[in-house]
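Both backbone and side-chain heavy atoms feed into the values below; hydrogens, waters and symmetry mates do not. Positions are given from 1 along the sequence.
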Amino acid sequence: MRVARILATTALSCLVLGAGATTAQAGGQPTLTVSPSPATRGSSVAISLNGGCEANSVTASSAAFTGSVTLASGSTEGTYRGTATIRSDARAGSHTITIACPGGGPSTFTFTVGTTTPTRGTLGGLGGSITEMDTPKIATGAALVTLAAAGTTLVLRRRAKN
């Protein structure tokens, strides 16, 4: 009986955590990603803005860029992407990026310019290519975990009776 309680508690905890994760992601705060990070002098960086604007494009500017960059609207609503070039004489350290959205106030983010070029090769895997949560997959996973916990509970109860 004790094992059944533990399994039931675990299943309910998984459901609560899954529901909380989708709620936490749904917040309206914009996020900015600069890749690679830290950036290197003279290189190009990919800039991705998620949320915070409802225009067709936004403008990103920084003293570390060779010029202002237009971030175009992505395939998902509220996402913007573009490429900037880091000045070859940019100082190493933290720099500010200002995002200007038509009809809204500017947003400010920071990114880092490094001192050396990375020497490692490309890492495999997804590497940050997933930018948003997939609610149906999370719900399916939570349902499968719950089903497995319920099945285990039934098997353990039958064994305890015999």
Side-chain angles (χ1 to χ4, degrees), residues 9-146 148-149:
T9 303
T10 303
L12 288 173
S13 297
C14 288
L15 286 173
V16 169
L17 288 174
T22 56
T23 303
Q25 193 271 341
Q29 294 297 322
T31 57
L32 183 88
T33 305
V34 177
S35 179
S37 180
T40 56
R41 298 175 187 146
S43 68
S44 292
V45 292
I47 301 172
S48 176
L49 176 70
N50 292 315
C53 191
E54 294 181 11
N56 290 332
S57 65
V58 297
T59 304
S61 57
S62 174
F65 296 165
T66 56
S68 293
V69 179
T70 300
L71 305 180
S73 180
S75 58
T76 305
E77 184 178 337
T79 62
Y80 303 89
R81 290 180 172 62
T83 304
T85 303
I86 305 297
R87 289 189 357 238
S88 59
D89 62 343
R91 66 169 171 74
S94 183
H95 290 270
T96 301
I97 297 177
T98 302
I99 303 293
C101 177
S107 299
T108 304
F109 301 92
T110 59
F111 76 105
T112 304
V113 173
T115 56
T116 59
T117 304
T119 57
R120 298 185 322 186
T122 303
L123 299 176
L126 294 174
S129 63
I130 296 175
T131 59
E132 55 190 63
M133 298 180 70
D134 190 355
T135 305
K137 287 183 181 177
I138 291 171
T140 302
L144 290 173
V145 168
T146 304

Minimum side-chain heavy-atom gap Ile47-Phe109 below 4.5 Å = no

Sorted by chain and number, sequence neighbours left out, side chain to side chain contact (heavy atoms under 4.5 Å, CB included) with Ser88 holds for none

What one should report as the nearest heavy-atom pair of Val45 and Ala39 is CG1-CB, 3.5 Å

Subject >> Check: Pro30 and Leu32 side chains under 4.5 Å, non-hydrogen atoms >> reply: no

Nearest heavy-atom contact between Thr79 and Thr76 is OG1-O, 2.7 Å

Residue pairs meeting disulfide bond (SG atoms under 2.5 Å apart), one or both in residues 50-102, sequence neighbours left out, come to Cys53-Cys101

Contacts satisfying side chain to side chain donor-acceptor pair (under 3.5 Å) that involve residues 54-70 (not counting sequence neighbours) are none

**OP:** Compare all side-chain heavy atoms of Tyr80 with those of Ile99 and state whether any distance is below 4.5 angstrom.
**Re:** no

Distance-only check: which donor-acceptor pairs under 3.5 Å involve side-chain atoms of residues 91-98, not counting sequence neighbours?
residue	atom	partner	partner atom	Å
Arg91	NH1	Ser94	O	3.2
Arg91	NH2	Ser94	O	3.1
His95	NE2	Arg91	O	2.7

- Query: Quick one: do the Ser43 and Thr40 side chains pair a donor with an acceptor below 3.5 Å?
  - Reply: yes

Residues at least two apart in sequence or cross-chain that pass side chain to side chain donor-acceptor pair (under 3.5 Å) with Arg41, listed by chain then number, are none

Ser44 meets the side chain to side chain contact (heavy atoms under 4.5 Å, CB included) criterion, sequence neighbours left out, with Thr83, Thr85

